[in-house]
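Okay, so here's the structure we're looking at.
We're numbering straight along the sequence, starting at 1. Only heavy atoms go into these numbers, but all of them, side chains included; no hydrogens, no water, no symmetry mates.
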Amino acid sequence: MKKAILFCVLLLFSVVSFSQDVSTVDYEITYIFSSSGKTNKIKFICLVPADIKGKQKVHTLTYSRQPQRVFSEDGDHYAEFIMERPSKEEKIKISVTIDIYRNDFQNRKKDIAQTGTDMEKYLKNEKFIEKDDPLIIEKAGELKKKTREATIRKIYSFVRNHIQYESHEDELGSVEAFKIKRGDCTEFADLFIALCRACDIPARFAEGFVTNITSNPKHDWAEVYLEGYGWIRFDPTSGNLNEWNTLQNRYIQLTNTRFNRTINNGGHYWAYRYWGDPIKVSQSFVINKYTAIQK
């Protein structure tokens, strides 16, 4: 994950038994704006969570300062704030109560109603997910198996073992990560998605928070579409203790957009502009309560 150093740390099928892990999370994210001079105006925009069927349900979302507007764009949800003549330190606190659901292949109940209608966009070459690059195509051919499930398993294993985790600021993309064999959670996700797409398996990027790391909870992972199951999460980043077909219920999702033009033309999580003297922006993430139940 870029713009902040991250510590970023799926196929067993059953139609008979199915349990759904549910956790309720109360968390606060606070943005702190500091100015050492005379700043006339600050415009700040950030992603906020929304309901996603089978993945999360937002119960409350409150702001310490009234947003200028709350809006949706390309499936993502945002809050925008304007601060006129800000003091030397301003704060915006966003408080959220959200149910999150485990969403991996082992836990996912087969549902024949889950049929995709617009999968073409998730098979395309795009910035940072270069599925048409010759290196990606060649490796995808080596990893492709008779079934999609077996192919995903092979790709997952390859990515975890091929890339060594390394925190950094630059956006590398799937090809560069493949070449240098290093990257953070963004590169793990990019390469996994590119290889899936090169094997004609719809895959997409996901970004948000993980609940087991509060010092820096930002994280990237991937989702794969399987007919009859819908979109399923896979987290190929090395360092987590999950098997390829299982995930802990720890993901709060904000976006499926890899290159977010609304957030500073390709940024992540939030962006700002200022008029007058420069400002610094920092953030804190606190989980006030976490309750896990199994249905």
*Using distance alone, with no hydrogens and no angle criterion, decide if Tyr290 and Ser23 have a side-chain donor and acceptor under 3.5 Å apart.*
yes
*asked:* Is there a continuous path of hydrophobic side-chain contacts, each under 4.5 Å between heavy atoms, that joins Ile137 to Phe158?
replied: no
_Exceeds 12 heavy-atom contacts within 6.0 angstrom, atom CG of Asp74_ = no
*Check for a donor-acceptor pair, side chain of Asn249 on one end and backbone N or O of Ile100 on the other, with a separation under 3.5 Å.*
yes
*For residues Glu207 and Thr255, is any side-chain donor paired with an opposing acceptor at under 3.5 Å?*
no
*Test side chain to side chain contact (heavy atoms under 4.5 Å, CB included) applied to Trp270 and Val281, step by step*: CA-CA 10 Å; Trp270 47 267; Val281 183; 3.7 Å; yes
*Nearest 0.5 Å please: distance from the CZ atom of Phe188 over to the CD1 atom of Ile163.*
5.0 Å
_Thr262 and Asp76, any side-chain heavy atoms less than 4.5 Å apart_ = no
*Indicate if Ile32 and Leu47 have the same hydrophobic cluster label, given that clusters are the connected sets of ILVMFWY residues with side-chain heavy-atom separations under 4.5 angstrom.*
no
*So which of Phe234, Tyr229, Tyr225 actually passes ring-ring contact (aromatic ring centres under 6.0 Å, His included) with Phe105?*
Tyr229
*Mutual orientation of the aromatic rings belonging to Phe259 and Phe128 [parallel < 30°, tilted 30-60°, perpendicular > 60°]*: tilted
*asked:* Any side-chain to backbone donor/acceptor pair from Arg197 onto Asn125? Under 3.5 Å, distance only.
replied: no
*Is Val70 reachable from Val58 through a run of I, L, V, M, F, W or Y residues, each pair having side-chain heavy atoms under 4.5 Å apart?*
yes
*Shortest non-hydrogen contact between Ile129 and Arg258, atoms and distance*: CD1-CG, 4.1 Å
*Near Glu73 CD, under 6.0 Å, is it more than 12 heavy atoms from other residues, nucleotides or ligands?*
yes
*Taking Ile82 as the fixed residue, which of Lys41, Arg69, Arg65 is the one that meets the side-chain contact (heavy atoms from CB on, under 4.5 Å) rule?*
Lys41
_For a 4.5 angstrom cut-off between non-hydrogen side-chain atoms, does Asn103 reach Leu247?_
no
_Side-chain (Ser64) to main-chain (Ile92) donor-acceptor, under 3.5 angstrom_ = no
*asked:* Is there a side-chain contact between Ile94 and Cys46 in this structure, where contact means two heavy atoms from C-beta onward sitting under 4.5 Å apart?
replied: yes
_Less than 6.0 angstrom separating the ring centers of Tyr269 and Phe209, yes or no?_
yes
*Report whether Leu123 and Leu226 are members of the same hydrophobic cluster (ILVMFWY, side-chain heavy atoms less than 4.5 Å apart, transitive linking).*
no
*If you look at every heavy atom in Glu89 and Ser34, which pair is closest and at what distance?*
OE1-OG, 4.2 Å
*Can you check whether Phe205's main-chain N or O pairs, donor with acceptor, with Asn256's side chain at less than 3.5 Å?*
yes
*Val96-Val286 co-clustered via ILVMFWY side chain contacts under 4.5 Å*: no
*asked:* Are the side chains of Ile193 and Lys131 in contact, using a 4.5 Å heavy-atom criterion?
replied: no
*Apply the ring-ring contact (aromatic ring centres under 6.0 Å, His included) test between Phe44 and each candidate in Phe33, Tyr272, Tyr274; give the one that qualifies.*
Phe33
*Which pair of heavy atoms, one from Asp200 and one from Pro202, lies closest together, and at what distance?*
O-CD, 3.8 Å
_Could you check whether any side-chain heavy atom of Glu80 comes within less than 4.5 Å of a side-chain heavy atom of Lys43, counting everything from C-beta outward?_
yes
*Would you kindly say whether Asp220 and His268 are connected by a side-chain donor-acceptor distance under 3.5 Å?*
no
*Taking atom CD of Glu142 as the centre, does the number of heavy atoms from other residues, nucleotides or ligands within less than 6.0 Å exceed 12?*
yes
*Taking everything shown except Glu120 itself, do over 12 heavy atoms lie less than 6.0 Å from its CD?*
no
_Testing Asp51, Asp99, Asp26 one by one against His59 for a side-chain hydrogen bond (donor to acceptor under 3.5 Å, both in side chains), which residue passes?_
Asp99
*asked:* I'd like to know whether Ile136 forms a side chain to side chain contact (heavy atoms under 4.5 Å, CB included) with Leu191, so could you lay out the CA-CA distance, the side-chain angles of the two residues, the decisive distance to 0.1 Å, and finally the verdict.
replied: CA-CA 8 Å; Ile136 299 297; Leu191 182 56; 3.7 Å; yes
_Validation row: Leu172, Arg182 side chains within 4.5 angstrom (heavy atoms)_ = no
*asked:* Tell me the closest heavy-atom pair linking Tyr101 and Gly54, and the distance in Å.
replied: CB-O, 3.6 Å
*For the pair Glu138 (side chain) and Leu135 (backbone), establish whether a donor and an acceptor sit closer than 3.5 Å, ignoring hydrogens and angles.*
no
*Counting N and O atoms only, with roles assigned by atom type, does the side chain of Ser174 sit under 3.5 Å from a partner on the main chain of Glu130, one being a donor and the other an acceptor?*
yes
*Any luck finding a side-chain donor-acceptor pair between Asp277 and Thr39 under 3.5 Å?*
no
*After noting the C-alpha distance and the side-chain angles of Thr237 and Trp221, does the key distance pass the side chain to side chain contact (heavy atoms under 4.5 Å, CB included) rule?*
CA-CA 8 Å; Thr237 302; Trp221 59 94; over 6 Å; no
*Can you name the nearest heavy-atom pair linking Leu61 to Pro49, along with the distance?*
CD1-O, 3.6 Å
*First locate atom NZ of Lys218, then atom OG1 of Thr186, and finally report the distance between them rounded to the nearest 0.5 Å.*
11.0 Å
*asked:* Any non-hydrogen side-chain atom of Tyr156 less than 4.5 Å from a side-chain atom of Arg160?
replied: yes
*Measure the CD1-CD1 distance between Ile263 and Ile45 for me, rounded to the nearest 0.5 Å.*
5.0 Å
*Taking all non-hydrogen atoms of both residues into account, name the closest pair between Val48 and Ala79 and its distance.*
CG1-CB, 4.1 Å
*Would you kindly say whether Tyr251 and Asp235 are connected by a side-chain donor-acceptor distance under 3.5 Å?*
yes
_Test salt bridge (charged side-chain N to carboxylate O under 4.0 Å, His left out) on Arg233 and Asp104; report intermediate values, then the result._
CA-CA 5 Å; Arg233 285 179 181 145; Asp104 56 34; over 6 Å; no
*asked:* For a salt bridge (charged side-chain N to carboxylate O under 4.0 Å, His left out) check, start with the C-alpha distance between Arg204 and Glu126, then their side-chain angles and the critical distance, and finish with the verdict.
replied: CA-CA 11 Å; Arg204 66 187 184 187; Glu126 65 176 281; over 6 Å; no
*Give the intermediate values and the outcome of side chain to side chain contact (heavy atoms under 4.5 Å, CB included) for residues Val224 and Ile232.*
CA-CA 5 Å; Val224 173; Ile232 301 173; 5.6 Å; no
*Can you check whether Ala206's main-chain N or O pairs, donor with acceptor, with Glu223's side chain at less than 3.5 Å?*
no
_Within the 4.5 Å heavy-atom criterion, are Pro67 and Tyr78 side-chain neighbours or not?_
no
